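Below is one structure; the comments refer to it alone.
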Amino acid sequence: MSKVKAAVCHEFGAPLVIEDIELRAPEMGEVEVTLDAVAICHSDISYWEGGFGGALPAVYGHEAAGRVTGVGAAVQGFELGDSVAVTLIRACGHCNSCGSGKPTICETRYDGTKGPLTTAEGDPMFQGLATGAFAEKVVVDQSQIVKIPVDMGKDVASLLSCGVITGVGAAVNAAGIRPGQDVVVIGAGGVGLNAIQGARIAGARRIVAVDMNADKLEAAKEFGATDGVLASEAKPWNAVKKLLGRGADAVLVTVGIAPVYDVAPRYIGNGGKVIMVGMPHFDKTATYSPLIMADIGQGIIGSKMGDVVIKRDIPWMVDLYQQGRLKLDELISGRWSLDQINEAIADTKTGAARRNVIVFDHG
Ligand SMILES: [Zn+2]
Ligand SMILES: [Zn+2]
């Protein structure tokens, strides 16, 4: 057991409380990672708002990087002192999905109430998103971490653990974009900018960003968008089709807003597909026309965490970053201490931020 400072959610939507919690030592197959950085993702905010359910009290946070400071039995390939990215992708390795090379949809459910966290009084505490990274240290399964170069900044490395792999992976793995295809990315925020980078890396012809904010459309061009269309226009899909000459081959929805899903199929052409990346709250639904979609061979595909295999995909993303072909530094819009986490969340909720990163001072 060790005492760890964490930002704890006691009540959905109420400010997180900075307090000491208890973290048990790593057991079979687990590692302890002392965190240097954790970014704030919209999924953390949805959990904090109660939009995804889950038990309380809870510690959220899942887009992290740090150093291995504890190794449980039967851990292979990691040693004390390794620099690692820490993700929420906990994979059992033996279910149908894991066996099919799809660890992001592992079928073995993890119960965060039986995880390594307890309150200072010894009561159960929910390890949010199988990670609980709004804390100085985490204990996670070895399947959730990947080694990163020791000289890579942990603030930028933390982004690889969710926003970057989710966006780039949605373009490269889920949409399977081929050179010359046309792509629309709805939402030019933290994940959307990475979907745009992924489409560029995959060799797309036109990459059209769609967002409510004109400044974000301009910024999207730094990441590879060739065009921008304001979502506030009447029927923005018509402007997109005019730019492309037809509907898109792939539309990546990177915002968790149900009405956006209602209209997303309107942007795709014959044979095109919608990739569902952004996650609305659990009580929201969307509608579409099965007739049209069946008639012209369209599809809708869910993509969790960019369908990545982290030990395959994070190393190549690190390499592209080091070559200057994948932007990470430009994704960080603010650095905060753990004590400032409520301000950082409020700033993220305005929608203006790219990624806000909590940086730990182990002084
Ligand atoms: Zn996330
Ligand atoms: Zn599995």
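Predicted model only: the values in this text are computed from it and were never measured. As the structure lists them, so they are numbered: ligands from 1, and atoms in each ligand from 1.
Within 6.0 Å of NZ in Lys221 there are more than 12 heavy atoms belonging to other residues, nucleotides or ligands.
Using a cutoff of 4.0 Å between basic side-chain nitrogens and carboxylate oxygens, Glu22 and Lys3 are scored as salt-bridged. Of the charged side-chain nitrogens involved, none lies within less than 4.0 Å of a carboxylate oxygen, so that Arg24 and Glu32 do not count as a salt-bridged pair. Salt bridge present: Arg206 and Asp227 bring a charged side-chain N and a carboxylate O closer than 4.0 Å.
Distance check for Cys106 against the Zn ion (ligand 2): an N/O/S atom falls below 2.8 Å. None of the N, O or S atoms belonging to His42 lies under 2.8 Å away from the Zn ion (ligand 1).
Vertex the Zn ion (ligand 1); arms to Cys162 SG and His62 NE2; angle rounded to 10 degrees, 110°. The SG atom of Cys92, the Zn ion (ligand 2) and the SG atom of Cys98 define an angle of 120° (nearest 10 degrees).
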